[in-house]
2 protein chains.
Amino acid sequence: MAERRAAPEKKAAGRAAIGYAKPRSYEELRAVLSSGTVHFPKRLRQVAIFLWQHPGEVALGTIGRVAEQAGVQPSTLVRFAQIFGYSGFSDFQALFKEHVKASWPEGRREGAEQPDPAESDPNVHLVKGLAAAAQAALARLGESFEPSRFERMAEILAGADLIYLVGSKRAFPVTAYLSVTLLQQGVRSVLVDNVGSSAHDQIGCVGPRDAVLAVSFSPYNSITPDLVAIAHERGARIVAITDSTFSPLVPLAEMWLEVVEAEFAGFRSLSASLAVGMALAHAVSARRGRVSG
Amino acid sequence: MAERRAAPEKKAAGRAAIGYAKPRSYEELRAVLSSGTVHFPKRLRQVAIFLWQHPGEVALGTIGRVAEQAGVQPSTLVRFAQIFGYSGFSDFQALFKEHVKASWPEGRREGAEQPDPAESDPNVHLVKGLAAAAQAALARLGESFEPSRFERMAEILAGADLIYLVGSKRAFPVTAYLSVTLLQQGVRSVLVDNVGSSAHDQIGCVGPRDAVLAVSFSPYNSITPDLVAIAHERGARIVAITDSTFSPLVPLAEMWLEVVEAEFAGFRSLSASLAVGMALAHAVSARRGRVSG
DNA sequence: CCGATTCTGGAAAAGGACTTCGAAAATCCC
DNA sequence: GGGATTTTCGAAGTCCTTTTCCAGAATCGG
């Protein structure tokens, strides 16, 4: 197979220009195909057209089936894939599989969209409203996320001897889930849950080598700031997840992240906080793994 | 990937064992699985749950990959397929392929998606991925929500003397938030939190006028089913939020809702469950207000 | 019109996926 | 508690899929 560069003055005769980098995604492949700069001979063009029109068949079928439907020999498909730099059809097919898989769970739109008459049902309205609010909060999270601050928080937590998780009322589910997750990942942590009103005593045991992750949302009338203040006095490193710069946690914390939750019908979602929390857990566990592994 | 024809005279092994005709479509399979009349041993149940929750993976993957993701041996998948009367996994897989292919409209044209340059930061990727997964789960929730079942659950809970909230591990944050919310709304409830290992004693106090709201996700290896079973014996009304028809809570519950959470990097979101939980809390409180006000 | 190059088709080899099977483990039942 | 049954595991075997390869056909250029 002789190498030839895309000749500028050539009429792009015959041979497809292999000057193209191997497409790494289905979208890239489509872009290349639609650019029109590649001129294929008859059979290969047939292949390109079929791929374009029936990506699902390509993803789900065998080379034999695809070849049959496209009206070519299996070996033609292999050659086509190799022109784009793949080792063979299997490699090439993975692109399609990935694409279909990626758009499967969420892209499931079955049947025609009917204007839902049940929308007037107050329950449906409530659930959809709560879901929409949570989605909005998650979308904002994706936009306003600050990687460098997140990074610092993860570093602080990963460097701690023991991680204390503090959060009450609304914030408690977040710390509770964090506790479950961190323990599953083998990261030692203490959930300050105030069982037996022992929260002050629990937090009274923190030392300079420990870290506290505090979660709190407005109104800031819980005992969380008190507990964090104690930990602060004892020299622990403090990081926080909260919903405004006016939170009493902010002056105490070495680093903090702002996560604004959405509200609907008086109920606040926790989705964004949970997502950040999970990401933190993962980041901490990853750093720990590196150190102790 | 080997695609092989059904051998004509194979011994139709387990088929008689459960007496089900071979499902001819994916929908039929789902119907049989959800009928709840089939009782699988542990590994086969694991398979059923995975098939239920990840049809895309089954359709696109090889037997090896699917087995790995489901946490079983490849041969287990073959046995599962044969129980339903198929000659092997390939035959069975064709069902899934067809289903995926059918719900892939050919004329799909997606807009140009530019990859965010900051996306390469692993932290950003993680947070955005978790957020996207949660959003997907919430979107699904909006589509598959069943108002009538929700209504019944709210009625049951509203009519109860005392509401017991049961959930452990991952599910605990959901019940915890429910507890906070219900108490705020003036609805009497008990969070069964197993502090002091007193969960069995707590649940031992339920009576026929009480209701239990249980939350559990796969793998169903927590103590939640045990506790619910006790409550069931004592005549309490049971409702559940869980993620498949194979949950041990389903046979115990008078009414249940399926909420499938999304997963990313091994972390499951709780967004959809929390949204449903909040909606339930609101609905219950609204009904109570009507009665007692 | 003829030579050189490229493209195509088909068969054989290589590779991998699926299936089968028997022993070990777990579970059930008396 | 012990035997019988069911279930699971793991590896060997079989078959299909994929790839490679080359001769013949088609096309391009002179």
Nucleotide pairing, DNA chain C (Watson-Crick or G-U, distances under 3.5 Å), in dot-bracket with [ ] and |: ||||||||||||||||||||||||||||||
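Of the listed nucleotides (D:dT19, C:dC7, C:dG10), D:dT19 has the atom at the smallest distance from the side chain of A:Pro74. Closest contact between the side chain of B:Thr76 and the listed nucleotides D:dC9, C:dT19, D:dT18 involves D:dC9. The listed nucleotides are D:dT8, C:dC18, C:dT8; the one nearest the side chain of B:Leu44 is D:dT8. Among the nucleotides D:dT8, D:dT19, C:dA17, the one closest to the side chain of A:Val78 is D:dT19.
No salt bridge links B:Asp243 with B:Arg170; every basic N to acidic carboxylate O contact stays at or beyond 4.0 Å.
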Footprint string (nucleotides 24-30 of chain C, 5' to 3'): B base within contact, S backbone only, - free, heavy atoms under 4.0 Å: -------
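Rounding to whole angstrom units, CD1 of residue B:Ile63 and C1' of D:dG10 are separated by 14 Å. In this entry the distance linking CZ of B:Arg79 with C1' of C:dT20 reads 12 Å, nearest Å. If you measure from atom CD1 of A:Ile83 to atom P of C:dT6, you get 12 Å, rounded to the nearest angstrom. The nearest whole Å value for the distance from the CG atom in A:Asp91 to the P atom in D:dT20 is 11 Å. Spacing between atom CZ of B:Arg45 and atom P of D:dT6 amounts to 19 Å, rounded to whole angstrom units.
Scanning atom types as modelled, one donor and one acceptor separated by under 3.5 angstrom connect the side chain of B:Ser75 and the base of D:dG10.
The CG atom of B:Leu51 sits 11.0 Å away from atom OG of B:Ser244, with the distance rounded to the nearest 0.5 Å.
B:His54 is not listed as a side-chain neighbour of B:Gln69, based on a closest heavy-atom distance of 4.5 Å or more. Side-chain contact between A:Leu29 and A:Phe92 is present, with at least one heavy-atom pair separated by less than 4.5 Å.
Contact check, B:Gln73 against D:dG10: a side-chain N or O comes under 4.0 Å of OP1 or OP2.
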